[in-house]
There are 2 protein chains.
Amino acid sequence: MGLTKTQIFNVEQNELAVIFKVLSNPARIAILQYISRQDACICNDIVDEIGLAQPTISQHLKELKSIDLIRGEIEGKKVCYCINLPKWTAIQDLLNSFFNTTKSNCC
Amino acid sequence: MGLTKTQIFNVEQNELAVIFKVLSNPARIAILQYISRQDACICNDIVDEIGLAQPTISQHLKELKSIDLIRGEIEGKKVCYCINLPKWTAIQDLLNSFFNTTKSNCC
DNA sequence: TTCTATTATCGTAATATTTCTATATACAAA
DNA sequence: TTTGTATATAGAAATATTACGATAATAGAA
């Protein structure tokens with residue numbers, strides 16, 4: 001097993017689950033917080049800031065990019081990552097909608 | 001490996017990650033939505049509603065209970081589950097706080 | 001061109017997650 | 001007490017995730 005049966009759930013349920021999964025790791029939370037704290041984009045000082053190996057950080061960044069939560073712009077040999085604000089807000093709205101709808105008809 | 005290095009992150013980052021992890025599965029999303037739709041508490045019609053085996057549902061319910069998102073009250077040989085509304089709201093607030101703080105100082 | 005710094009990818013080991021079957025437990029009814 | 005229903009737990013198989021070292025790819029500097 002180990003395989004989530006996505007086919008038995010609807011698009012909204014699967015989409016929410018994917019978003020929550022991307023956010024379900026403290027390293028990725030820390031990366032998002034660090035990227036946002038540098039008010040301009042930053043590069044792989046992330047590796048120094050967070051205590052994880054460079055390939056590990058790179059992989060986390062890839063997962064954050066997979067749902068478009070951050071964007072990476074190549075600047076010479078460096079890459080500057082920043083929060084994708086429109087998507088960030090859209091996801092916040094989606095999650096609030098889930099929380100509100102679920103809460104509204106509750107015992 | 002396969003082991004998240006929680007010790008290098010702070011309490012807030014780990015707490016957020018745990019919450020997101022519990023929500024990161026479409027079955028658990030579906031269970032929450034179904035529980036809330038039955039405006040009184042319901043029992044294991046969940047097994048019939050969602051297309052998963054009874055022990056699988058039971059384990060998902062356990063994970064949802066682990067962060068106090070739902071509560072189960074024993075009624076005879078049945079158990080009635082319902083959303084724990086105060087905790088639900090608290091978590092929604094915590095997530096909004098994370099989204100807002102992270103967004104506020106962004107590029 | 002060659003060197004060096006930055007980032008991405010590959011491969012792999014350890015652990016975690018999802019799901020199921022089988023079984024145990026709890027309780028109500030017969 | 002015995003039977004049946006509802007739920008939980010144990011154990012196992014398949015797959016996913018986390019993390020790292022090694023290596024590749026890229027681009028500016030020497």
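Just so it is clear, the structure is predicted and the values come from calculations on it, not from any experiment. Every chain is numbered from 1, with letters handed out A, B, ... down the list of sequences.
With values rounded to the nearest 0.5 angstrom, A/Glu49 atom CD is found 10.0 Å from A/Ile57 atom CD1. Rounding to the nearest 0.5 Å gives a distance of 5.0 Å between CG of B/Leu94 and CD1 of B/Ile19. Taking CG of A/Leu95 as the start and CG of B/Asn96 as the end, the distance is 8.5 Å to the nearest 0.5 Å.
The CD1-C1' distance, from A/Ile46 to C/dT7, rounds to 11 Å in whole Å. Between the CG atom of B/Leu52 and the C1' atom of C/dT21 there is a distance of 15 Å, rounded to whole Å. Put simply, CD1 on B/Ile50 is 11 Å from P on C/dT19, counting in whole angstrom units. The CG atom of B/Leu23 sits 14 Å away from the P atom of C/dT17 (whole-angstrom rounding). The nearest whole Å value for the distance from the CD1 atom in B/Ile57 to the P atom in C/dT18 is 12 Å. Rounded to whole Å, atom C1' of D/dG28 lies 5 Å from atom NZ of A/Lys77.
At least one donor-acceptor pair closer than 3.5 Å links the side chain of A/Asn84 to the backbone N or O of A/Asp68.
Residue A/Val18 is not grouped with residue A/Leu3 when hydrophobic side chains (ILVMFWY) are merged at heavy-atom distances under 4.5 angstrom, including chains of intermediate members. B/Ile74 and B/Ile83 fall within the same hydrophobic cluster, defined by Ile, Leu, Val, Met, Phe, Trp and Tyr side-chain heavy atoms under 4.5 Å apart, directly or through other members.
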Within the 4.0 Å limit for protein heavy atoms, which parts of nucleotides 8-17 of chain D are touched? Write it as a string from 5' to 3', B for base, S for sugar-phosphate only, - for none.
BB---BBBSB

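Counting only N and O atoms by type, the side chains of A/Gln38 and A/Asp45 include no donor and acceptor under 3.5 Å apart.
Near DNA chain D, meaning a heavy atom under 4.0 Å from it, residues 66-75 of chain B has no residue at all.
Along DNA chain D, the nucleotide nearest to A/Gly76 and the one nearest to A/His60 differ in position, and the one closer to the 5' end is contacted by A/His60.
Under the 30°/60° scheme for interplanar angles, the aromatic rings of B/Phe99 and B/Phe20 are found to stand perpendicular.
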